[in-house]
S.K.: 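I have a structure I would like to understand better, so I am pasting it below and will then ask my questions one at a time.
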Amino acid sequence: MDLNTITDVVIPRTRKEVWPLDEGDAVMSGGTWLMSEPQVHLRRLIDLTGLGWEPYVISEEGLRLGATCTIDTISALSRSDAIPDDWTAKPLLHQCCTALLQSFKIWKTATIGGNLSLSFPAGSMVSLAAGLDGVVTIWTADGGEYRSSITDFVTGPAENIMGPHDVLRSVLFPATAMRARTAYRKIALSPLGRSGAVILGRRYTDADGGGFTLTVSGATDRPHNLPFRDVPTRAELGHALDERIPPQSWYSDCHGAADWRRAVTRVLAHEIREELA
């Protein structure tokens with residue numbers, strides 16, 4: 001879509017050139033959502049791709065994705081020889097990419113930073129980050145930065161903790177999460193519809209402390225991680241879904257009613273429990 005109110009597009013080459021940000025400015029990486037509907041309040045775009053961030057860095061700490069890393073690149077990492085052999089969670093990288101409703105053009109342009117910053121309930125990269133214990137790094141206008149787990153970062157539908165002049169820089173998936181066994185389930189009201197629920201499970205290695213975590217996303221207004229010391233029983237998992245997720249968090253929109261989302265989450269959660277047991 002043409003954004004006919006835009007009078008200037010800025011491509012910063014250094015961090016200092018990103019700011020100042022004023023009312024009517026929008027920071028973008030891929031820009032696919034910005035171009036999808038009218039943005040009559042905007043006058044200037046700041047394109048972060050000119051900063052030349054590495055799409056990903058693999059280290060002992062884990063997998064760090066730059067905010068401008070595309071969905072296509074993340075998907076390809078699940079098949080990459082660059083990923084250590086013991087990072088058994090790598091199939092989740094591709095699986096969560098498929099939960100994003102998109103064309104092949106979007107696949108190659110949309111970025112993880114944009115998806116996280118939008119913080120939509122159906123944001124597939126929100127699901128991925130929550131399912132891999134993601135920690136985001138956020139730049140501030142004064143030259144500082146701060147970090148947050150993704151479950152604290154997203155506070156509601158299209159809401160997060162970033163201030164109006166903050167910029168999401170990267171997200172780290174710790175090596176402990178990348179070494180976990182994972183399971184993935186997604187459901188939508190139609191075969192190519194927006195996700196109604198994306199449920200993920202991970203079982204950590206004994207060397208990483210063991211334990212099991214269920215991630216509920218898509219079905220709720222923000223992602224929820226439900227940790228357990230070991231794989232829970234069916235009753236324990238059902239109780240946790242009832243008690244640890246506030247009733248008002250179950251989300252309703254045209255892609256699914258709250259009661260349906262709550263019901264299918266329970267079914268998918270039990271499937272994941274059995275798969276990882």
Side-chain angles (χ1 to χ4, degrees), residues 33 65 67 71 74 92 95-101 110-138 146-164 166-174 177 182-189 193-202 212-228 237-269 272:
W33 180 81
L65 300 176
I71 305 300
I74 295 169
L92 205 61
Q95 289 169 330
C96 285
C97 288
T98 66
L100 179 63
L101 182 61
T111 64
I112 188 168
N115 197 260
L116 295 180
S117 297
L118 288 171
S119 301
F120 292 151
S124 64
M125 296 297 96
V126 174
S127 300
L128 176 63
L132 290 175
D133 297 333
V135 177
V136 294
T137 296
I138 300 160
Y146 61 98
R147 293 174 176 81
S148 171
S149 69
I150 195 67
T151 49
D152 289 332
F153 173 77
V154 179
T155 56
E159 297 175 353
N160 58 56
I161 64 173
M162 286 200 299
D166 292 350
V167 171
L168 197 150
R169 171 60 180 89
S170 64
V171 57
L172 171 70
F173 303 147
T182 59
Y184 166 90
R185 297 291 189 278
K186 177 236 176 179
I187 193 169
L189 288 176
R194 184 173 293 178
S195 299
V198 180
I199 314 301
L200 312 173
R202 56 200 175 281
F212 171 96
T213 297
L214 184 83
T215 296
V216 176
S217 63
T220 47
D221 57 4
R222 51 181 293 272
H224 293 270
N225 278 341
L226 309 181
F228 301 85
L237 182 56
H239 179 76
L241 288 168
D242 290 337
E243 296 298 321
R244 297 195 211 171
I245 299 178
Q248 67 273 17
S249 189
W250 297 99
Y251 192 62
S252 281
D253 65 3
C254 60
H255 304 288
D259 58 350
W260 172 76
R261 283 181 153 122
R262 185 172 184 172
V264 296
T265 292
R266 184 176 292 269
V267 172
L268 300 179
I272 285 174

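Worth knowing before you read on, the calculation uses all heavy atoms, side chains too, and leaves out hydrogens, waters and symmetry mates.
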S.K.: For the residue pair L128 and I74, establish whether any side-chain heavy-atom pair is separated by less than 4.5 Å.
M.R.: yes
S.K.: Using the ring of each side chain (for Trp, its six-membered ring), is F212 parallel, tilted or perpendicular to F228, with breaks at 30° and 60°?
M.R.: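 Tilted, since the angle between the ring planes falls between 30° and 60°.
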S.K.: So which heavy atom on A130 is nearest to which on P223, and how close?
M.R.: CB-CB, 3.8 Å
S.K.: Nearest 0.5 Å please: distance from the CH2 atom of W250 over to the CD1 atom of I245.
M.R.: 4.0 Å
S.K.: Salt-bridged, R261 to D221, with N to O below 4.0 Å?
M.R.: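 So R261 does not pair with D221 through a salt bridge.
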S.K.: So R194 and D253, do their side chains get closer than 4.5 Å, heavy atoms only?
M.R.: no
S.K.: According to side-chain contact (heavy atoms from CB on, under 4.5 Å), who are the partners of L189, at least two apart in sequence or on a separate chain?
M.R.: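 L189 satisfies side-chain contact (heavy atoms from CB on, under 4.5 Å) with W260 once adjacent residues are dropped.
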S.K.: Between D133 and R202, does any NZ, NE, NH1 or NH2 come within less than 4.0 Å of an OD or OE carboxylate oxygen?
M.R.: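 So R202 pairs with D133 through a salt bridge.
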S.K.: Quick check for you: to the nearest 0.5 Å, what is the distance between T151 atom OG1 and N225 atom CG?
M.R.: 5.5 Å
S.K.: Should the pair D242-R266 be classified as a salt bridge under the 4.0 Å nitrogen-to-oxygen rule?
M.R.: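 Result for this pair is yes, salt bridge flagged.
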S.K.: Give the minimum heavy-atom separation between G134 and V171, together with the two atoms involved.
M.R.: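 Looking at all heavy atoms of both residues, the shortest contact is CA-CG2, 4.2 Å.
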S.K.: Mind checking whether V126 and S217 have side chains closer than 4.5 Å, heavy atoms only?
M.R.: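 No, their side chains stay 4.5 Å or more apart.
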S.K.: Check step by step if side chain to side chain contact (heavy atoms under 4.5 Å, CB included) holds for L214 and L200.
M.R.: CA-CA 6 Å; L214 184 83; L200 312 173; over 6 Å; no
S.K.: Between L116 and F153, what is the shortest heavy-atom contact and its length?
M.R.: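 Where L116 meets F153 most closely, the heavy atoms are O-CE2, 3.4 Å.
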S.K.: Do V136 and I150 come close enough that some side-chain heavy atom pair is under 4.5 Å?
M.R.: yes
S.K.: Please name the pair of heavy atoms, one in F120 and one in A158, separated by the smallest distance, quoted to 0.1 Å.
M.R.: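 Result for this residue pair: CE2-CB, 3.8 Å.
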S.K.: Apply side-chain hydrogen bond (donor to acceptor under 3.5 Å, both in side chains) to N115 and list each qualifying residue two or more places apart in sequence or on a separate chain.
M.R.: none
S.K.: Evaluate the side-chain proximity of I161 to D166: yes if any heavy-atom separation is below 4.5 Å, no if none is.
M.R.: no
S.K.: Okay, side chain of T220, backbone of R222: is any donor-acceptor separation there less than 3.5 Å?
M.R.: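 Yes, the answer is positive, given that a donor and an acceptor are paired below the 3.5 Å cut-off.
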